[in-house]
Amino acid sequence: MKRFLPLLSFVLTIQCSVLGVLQDKIPAPEFTFESLHIKQITFTDITLGVETSVSNPYPVSLPSSLLDMDLKIEGMKLSHVKTDLGAIEAKKTKSLPLEVKFTYKDLYELYKKFPNKPMLEVSAEGKMKVPIPKQWQLMGKDSLEFPFVQKKEIPAVLPDVEIRNFKILMPTESEILSASNTDALANTATSFLKGLLGGSKSPTTSAAKAGLSGLNLNLKTEFDFVFSNKAASSFNLTDLKYNLQLAGENFLNGTPKEIISSGKESTVKVSNEFPITSIGTSLYKTIQSKEALYQLKGDSGFIVPNLRENIPFSYEKKGKFQW
């Protein structure tokens, strides 16, 4: 028995050494956490993009890639993700993207807790589990786990928008005359515009528009979109595009002539024009009443001084305003 124990110890040592050598020679999957980034900001939520990848060194596909992750903001757990990101083909590296949304309802308590903190720390903490094909398993190990911790700062944002300083400018007499072929057409246009912009009685829209055939006159409009942030981060917009509907009719779309950013507010200066002949019945009544139901939507970039990136910002809002 005394002779057997040293022999057993020697055999186990040799076996472990052989297994160690084999393990070093057998390839293993590789996991990379590539990025945790802000994918989009809207009026309702912030979308984070999680980019990971797994490299499969085997000549057979791996059936799954299991992600188990907690997302925390300033140490407070807000989301838990447990999902299979799918199979990985043989001898391939597969990108495994994932999106996670935080609504402002989720973030509101954090904003109250850190009212003056413009940037909040997000951490992604968890593990990726990748199975090992049976023929490459050693010592009963059927999978590999890759722990990770990734951190990212996101701006504290609770955005909103208002339409201010709205006006449609009455064309001058010379502008109306130059756009008209005859004095009669100029008189019809003047009557139509006084009814539209001056509040005076005028023919029905359809009758008036029928009399405006051949008039090549655009109405100029000026107004501001004022985007504001009710949380602590600054709010600087760039490359903004907009589409504005009034009373359910397309009114204007385009890009602004100027964006003035100041702290937590960005004022978008709009100066545009539209053909007088494009005014339908609903839009006519809306302009005449100086009160409008509107739908505003578009896209912009959102620049945060602390981050070296231009974050996509998509916005949409319905409301009512007066001028």
Side-chain angles (χ1 to χ4, degrees), residues 34-51 73 97 99-108 110-111 114-122 150-167 220-246 250-274 292 294-319 321 323:
E34 296 175 356
S35 70
L36 173 64
H37 61 278
I38 305 167
K39 193 163 185 178
Q40 187 181 57
I41 289 176
T42 72
F43 276 161
T44 57
D45 51 57
I46 298 175
T47 302
L48 296 183
V50 179
E51 300 287 343
I73 300 183
E99 289 185 3
V100 181
K101 286 188 178 181
F102 294 123
T103 67
Y104 296 125
K105 184 178 179 182
D106 298 331
L107 298 170
Y108 188 67
L110 273 168
Y111 290 166
F114 305 100
N116 300 314
K117 194 167 184 178
M119 303 298 294
L120 303 174
E121 184 183 80
V122 179
Q150 288 284 322
K151 296 183 178 181
K152 173 78 176 181
E153 282 192 318
I154 63 171
V157 290
L158 190 58
D160 198 7
V161 66
E162 294 179 33
I163 300 175
R164 299 180 190 170
N165 305 320
F166 185 91
K167 55 187 174 183
K220 296 176 183 177
T221 182
E222 296 176 354
F223 53 91
D224 299 333
F225 297 132
V226 181
F227 289 85
S228 60
N229 181 22
K230 297 178 181 179
S233 176
S234 60
F235 204 74
N236 303 320
L237 300 182
T238 181
D239 301 324
L240 183 135
K241 298 178 181 65
Y242 67 89
N243 183 292
L244 178 63
Q245 290 186 348
L246 298 183
N250 289 327
F251 181 59
L252 288 174
N253 61 73
T255 57
K257 65 177 184 179
E258 185 181 10
I259 299 177
I260 302 170
S261 296
S262 176
K264 297 198 296 179
E265 193 170 272
S266 278
T267 301
V268 178
K269 310 292 289 186
V270 177
S271 178
N272 212 328
E273 56 185 43
F274 58 97
Y294 73 89
Q295 180 178 13
L296 172 65
K297 59 183 177 180
D299 299 288
S300 174
F302 173 60
I303 296 176
V304 182
N306 305 59
L307 298 176
R308 295 181 179 178
E309 55 189 285
N310 195 359
I311 302 166
F313 172 49
S314 294
Y315 59 92
E316 182 173 359
K317 184 177 180 180
K318 294 180 180 180
F321 75 105
W323 66 93

For the backbone of [Y] and the side chain of [X], can you confirm whether one donor and one acceptor N or O come within less than 3.5 Å of each other?
X: S262; Y: E265; result: no
X: T221; Y: K167; result: yes
X: K264; Y: A231; result: yes

Distance-only donor-acceptor pairs under 3.5 Å for side chains of residues 297-305, two or more places apart:
| from | atom 1 | to | atom 2 | distance (Å) |
| --- | --- | --- | --- | --- |
| D299 | OD1 | S314 | OG | 2.7 |
| S300 | OG | T238 | O | 3.0 |

Quiz item: Looking at S233 and N229, what are the two nearest heavy atoms and their distance?
Solution: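 So the two residues come closest at O-ND2, 2.7 Å.
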Exercise. Identify, with sequence neighbours excluded, every residue that meets ring-ring contact (aromatic ring centres under 6.0 Å, His included) alongside Y294.
Key: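 Per chain and number, Y294 pairs via ring-ring contact (aromatic ring centres under 6.0 Å, His included) with F321.
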Quiz prompt | Partners passing ring-ring contact (aromatic ring centres under 6.0 Å, His included) against F43 (at least two apart in sequence or in another chain) | solution =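 Checked F43 against ring-ring contact (aromatic ring centres under 6.0 Å, His included); matches are F313.
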Quiz item: When the ring planes of F166 and F251 are compared, do they come out parallel, tilted or perpendicular, using 30° and 60° as the limits?
Solution: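 Tilted: the ring planes of F166 and F251 meet at 30° to 60°.
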Exercise. For the residue pair T103 and Y108, establish whether any side-chain heavy-atom pair is separated by less than 4.5 Å.
Key: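 Counting from C-beta outward, T103 and Y108 never come under 4.5 Å.
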Review item, side-chain donor-acceptor pairs of residues 151-164, under 3.5 Å, at least two apart:
| from | atom 1 | to | atom 2 | distance (Å) |
| --- | --- | --- | --- | --- |
| K152 | NZ | E309 | OE2 | 2.6 |
| D160 | OD1 | K317 | NZ | 2.8 |
| E162 | OE1 | R164 | NE | 3.4 |

Quiz prompt | By side-chain contact (heavy atoms from CB on, under 4.5 Å) - contacts of S271 (at least two apart) | solution =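 Partners of S271 under the side-chain contact (heavy atoms from CB on, under 4.5 Å) test: E222, K257.
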Practice problem: Take F223 and N272 through the test side-chain contact (heavy atoms from CB on, under 4.5 Å) and record every step on the way to the result. | Solution: CA-CA 9 Å; F223 53 91; N272 212 328; 5.8 Å; no
Self-check item: By salt bridge (charged side-chain N to carboxylate O under 4.0 Å, His left out) - contacts of E258 (at least two apart)
Solution: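 E258: no salt bridge (charged side-chain N to carboxylate O under 4.0 Å, His left out) contacts found.
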